[in-house]
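Reading through the structure tokens given below for one structure.
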Amino acid sequence: MRKIPQTVKNAAKDLIEIYGDKFDYLGKYKGADAYVYQFPEGACTGFPVVYLVKDDKVEVVSGFLALDIIDYFLCVE
């Protein structure tokens with residue numbers, strides 16, 4: 001199990017307060033570590049949220065691009 005960087009948790013603060021602290025590490029995506037926030041089962045939330053971490057900076061990605069990033073890891077495995 002990979003430790004989630006504090007920068008990701010800081011960026012996801014609002015989600016963590018509402019839904020709890022649960023992430024999955026996806027892997028490397030274009031040189032960044034990719035993490036996806038895991039919403040509770042049955043939660044109606046819309047698009048997933050992916051956090052890309054590179055050089056201690058976090059990019060928050062949602063919408064169709066988040067789906068594309070997750071799909072990338074599904075196709076790679």
Side-chain angles (χ1 to χ4, degrees):
M1 185 171 186
R2 187 176 191 90
K3 184 177 177 186
I4 306 304
Q6 189 60 47
T7 54
V8 170
K9 291 184 177 192
N10 292 346
K13 182 180 181 238
D14 292 339
L15 289 177
I16 291 170
E17 288 177 1
I18 297 169
Y19 298 107
D21 186 353
K22 188 163 183 196
F23 297 84
D24 282 332
Y25 176 70
L26 297 174
K28 287 281 188 185
Y29 180 79
K30 296 185 178 181
D33 287 310
Y35 301 85
V36 63
Y37 184 81
Q38 290 297 317
F39 289 99
E41 188 173 327
C44 294
T45 60
F47 286 105
V49 182
V50 173
Y51 299 86
L52 299 175
V53 180
K54 186 174 182 180
D55 300 327
D56 292 323
K57 295 180 183 168
V58 178
E59 178 182 356
V60 181
V61 180
S62 191
F64 289 107
L65 181 54
L67 293 176
D68 289 344
I69 292 169
I70 293 167
D71 186 55
Y72 167 83
F73 290 101
L74 294 175
C75 293
V76 170
E77 296 177 356

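Only this structure's heavy atoms are used, side chains among them; waters, hydrogens and symmetry mates stay out. We number each residue from 1, following the sequence as shown.
With values rounded to the nearest 0.5 angstrom, Ile69 atom CD1 is found 12.5 Å from Tyr51 atom OH. Atom OH of Tyr72 is separated from atom NZ of Lys30 by 9.5 Å, given to the nearest 0.5 angstrom.
The side-chain contact (heavy atoms from CB on, under 4.5 Å) with Leu26 is formed by just one residue from the set Leu52, Val36, Leu74; it is Val36.
With sequence neighbours excluded, the residues that form a side chain to side chain donor-acceptor pair (under 3.5 Å) with Tyr35 are Arg2.
Annotation: Asn10, atom CG; neighbour count of heavy atoms from other residues, nucleotides and ligands within 6.0 Å is above 12. Counting non-hydrogen atoms of neighbouring residues, nucleotides and ligands closer than 6.0 angstrom, the NZ atom of Lys22 reaches no more than 12 such neighbours.
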Check against side-chain contact (heavy atoms from CB on, under 4.5 Å), Val50 and Phe73: CA-CA 12 Å; Val50 173; Phe73 290 101; over 6 Å; no
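The pair Asp33-Lys54 does not meet the salt-bridge criterion, since no charged nitrogen lies less than 4.0 angstrom from a carboxylate oxygen.
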What pairs of donor and acceptor atoms, side-chain ones from residues 59-68 against any protein atom, are under 3.5 angstrom apart with sequence neighbours left out?
from  : atom 1 : to    : atom 2 : distance (Å)
Ser62 : OG     : Pro48 : O      : 3.1

Indicate every side-chain donor-acceptor pair of residues 38-47 with a distance under 3.5 Å to a residue at least two apart or in another chain.
from  : atom 1 : to    : atom 2 : distance (Å)
Gln38 : NE2    : Asp24 : OD2    : 3.1

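Within the 4.5 Å cutoff, the side chain of Tyr37 has heavy atoms near those of the Ile16 side chain.
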